[in-house]
Amino acid sequence: MIAIIGGTGVYALPGAEEHERVVATPYGDAAVTQVRLPDGLELVFAPRHGKGHAVPPHRLPARALLWGLKEIGVTAILATSAVGSVREDIPPGSLALLGDFIDFTKSRPTTFHDGPGVVHQNVSDAYCPTLRAALRRSADRQGIALRREDVVYVCTEGPRFETPAEIRAYAQLGGDVVGMTQVPEAVLAAEMGICYAAVALVTNLAAGVQGARPSHEEVLELMAEQGRTLSNLLLGTARDLGRDYRCGIHPQPEAMS
Ligand code: HPA
């Protein structure tokens with residue numbers, strides 16, 4: 001079963017018949033929506049910030065969500081993510097396929113492997129190559145412009161936006177876009193052995209890039225304009241992958257003690 005995690009601005013799927021479900025997990029309840037599209041495609045949808053964007057990024061119950069998705073049989077996740085761009089050549093409005101991340105979060109639980117025992121998850125392929133290839137194909141078929149070479153996501157703690165000095169530092173470190181939610185989501189998916197890929201929508205230039213001063217309103221405005229294209233990209237991909245998708249190359253949890 002495929003799940004779509006909708007970030008900022010993606011709170012529902014167009015035309016879907018929905019059935020809400022609460023899955024009890026050791027980390028609290030996970031609220032997910034079972035969805036059936038007019039063409040019969042069934043998948044799971046989860047708005048990352050809850051209905052009405054109620055939960056801030058540093059308080060997201062990511063462990064409950066990922067545990068819940070595993071529990072109900074999800075094998076692949078396609079996620080959306082609103083980001084600021086660290087580079088002038090990735091302008092607002094761009095869709096970017098994430099290829100890697102750099103973690104600057106500070107205070108979140110980022111693992112299921114909390115002991116006893118030691119597990120070091122391999123995240124060399126945090127973004128599943130098979131899902132990424134499927135997203136590229138779906139973009140090509142639908143004529144959707146998608147920046148596809150490795151785009152590096154810098155995950156900050158939030159909820160504040162970054163300072164211009166932080167953004168300059170992230171650019172020097174090799175970051176391309178900046179957001180607040182890919183860690184621990186992508187990490188927890190890897191720990192659960194669930195394939196994961198994410199498409200970022202650039203909603204603004206990050207702080208200081210061409211003098212930018214990001215605002216939440218600006219983020220929401222661009223998401224409202226482009227959210228539909230993003231949903232079409234993900235839904236087209238989910239259709240191609242089919243309900244029984246399994247990639248077989250995604251790294252499984254490795255025990256090292
Ligand atoms: N910084 C961090 N997160 C974001 C931004 C940003 O500029 N835009 C959208 N999400």
Side-chain angles (χ1 to χ4, degrees), residues 1-5 7 25-27 30 44 46 48 57-58 60-81 83 86 96-137 146-157 170 173-200 234 237-238 241 244-257:
M1 176 82 89
I2 312 267
I4 290 181
I5 298 182
T25 83
Y27 303 96
V44 173
R48 184 182 289 127
H58 62 298
L60 289 173
R63 288 193 295 187
L65 178 59
L66 272 292
W67 187 287
L69 293 178
K70 181 77 176 182
E71 184 92 10
I72 62 175
V74 166
T75 52
I77 294 171
L78 302 171
T80 75
S81 178
V83 296
V86 171
L97 187 56
L98 297 183
D100 208 343
F101 67 74
I102 302 175
D103 178 11
F104 276 100
T105 63
K106 294 175 185 154
S107 69
R108 314 168 177 192
T110 53
T111 184
F112 289 116
H113 300 310
D114 250 346
V118 179
V119 178
H120 298 294
Q121 176 63 44
N122 184 329
V123 281
S124 305
D125 273 324
Y127 296 103
C128 172
T130 312
L131 290 186
R132 294 175 64 209
L135 281 159
R136 284 189 206 102
R137 280 196 301 274
L146 177 67
R147 193 169 179 110
R148 51 200 59 214
E149 65 274 20
D150 276 3
V151 172
V152 175
Y153 177 106
V154 176
C155 194
T156 63
E157 181 65 12
Y170 297 153
L173 290 174
D176 298 311
V177 296
V178 61
M180 304 174 190
T181 55
Q182 281 293 293
V183 180
E185 192 172 285
V187 178
L188 297 174
E191 288 185 352
M192 279 294 178
I194 301 176
C195 297
Y196 185 93
V199 178
L234 267 46
T237 309
L241 295 170
D244 299 323
Y245 167 84
R246 265 167 219 283
C247 90
I249 60 165
H250 193 79
Q252 295 294 309
E254 291 171 354
M256 282 175 58
S257 45

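Bear in mind that the values here come from a model prediction, so they are computed numbers and not experimental data.
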Please check if atom CZ in Arg246 has more than 12 non-hydrogen atoms from other residues, nucleotides or ligands closer than 6.0 Å.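 No, the 6.0 Å shell around CZ holds no more than 12 heavy atoms from other groups.
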
Test side chain to side chain contact (heavy atoms under 4.5 Å, CB included) on Thr237 and Leu78 and set out the steps. CA-CA 9 Å; Thr237 309; Leu78 302 171; 4.0 Å; yes

When you measure from the side chain of [X] to the backbone N and O of [Y], does any donor-acceptor pair fall under 3.5 Å?
X      : Y      : result
Thr75  : Tyr245 : yes
Tyr27  : Ala62  : no
Lys70  : Met192 : yes
Thr156 : Met180 : no
Asp100 : Val152 : no

So among Val44, Ile2, Leu65, Ile194, which one has a side chain to side chain contact (heavy atoms under 4.5 Å, CB included) with Ile77?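 Exactly one candidate clears the test, Ile194.
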
Apply side chain to side chain contact (heavy atoms under 4.5 Å, CB included) to residues Cys247 and Leu131 and explain how you reach the verdict. CA-CA 8 Å; Cys247 90; Leu131 290 186; over 6 Å; no

Spacing of [X] atom [atom1] and [Y] atom [atom2] [to the nearest 0.5 Å]:
X      : Y      : atom1 : atom2 : value
His58  : Leu60  : NE2   : CG    : 9.0 Å
Asp114 : Arg63  : CG    : CZ    : 5.5 Å
Leu146 : Arg136 : CG    : CZ    : 8.0 Å

Can you see which heavy atom on [X] is nearest to which on [Y], and at what distance?
X      : Y      : value
Tyr153 : Gly179 : OH-C, 3.1 Å
Ile102 : Gly175 : CD1-N, 4.4 Å
Arg48  : Gln182 : NH2-NE2, 3.9 Å
Ala134 : Leu241 : CB-CD2, 3.8 Å
Leu135 : Leu234 : CD2-CD1, 3.9 Å
Ala3   : Val74  : CB-CG1, 3.7 Å

Sequence neighbours left out, what passes side-chain hydrogen bond (donor to acceptor under 3.5 Å, both in side chains) with Asp103? Give chain and number order.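 Testing Asp103 for side-chain hydrogen bond (donor to acceptor under 3.5 Å, both in side chains), a comparison that skips the adjacent residues, returns Thr105.
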
Are Arg132 and Asp125 ion-paired here, with the side-chain N under 4.0 Å from a carboxylate O?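 Salt bridge absent between Arg132 and Asp125.
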
Are side-chain heavy atoms of [X] and [Y] found at a separation under 4.5 Å?
X      : Y      : value
Glu71  : Thr25  : no
Asp176 : Val86  : no
His120 : His113 : no

Partners of Pro61 by side-chain contact (heavy atoms from CB on, under 4.5 Å), sequence neighbours excluded?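 For Pro61, the residues satisfying side-chain contact (heavy atoms from CB on, under 4.5 Å) (neighbours in sequence not counted) are Val55, Ala64.
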
Show your reasoning for whether side chain to side chain contact (heavy atoms under 4.5 Å, CB included) applies to Ile5 and Leu69. CA-CA 10 Å; Ile5 298 182; Leu69 293 178; 4.2 Å; yes

Kindly assign one of parallel, tilted or perpendicular to the pair Tyr127 and Phe101, based on the angle between their ring planes and the thresholds 30° and 60°.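 Because their plane-to-plane angle is over 60°, the rings of Tyr127 and Phe101 count as perpendicular.
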
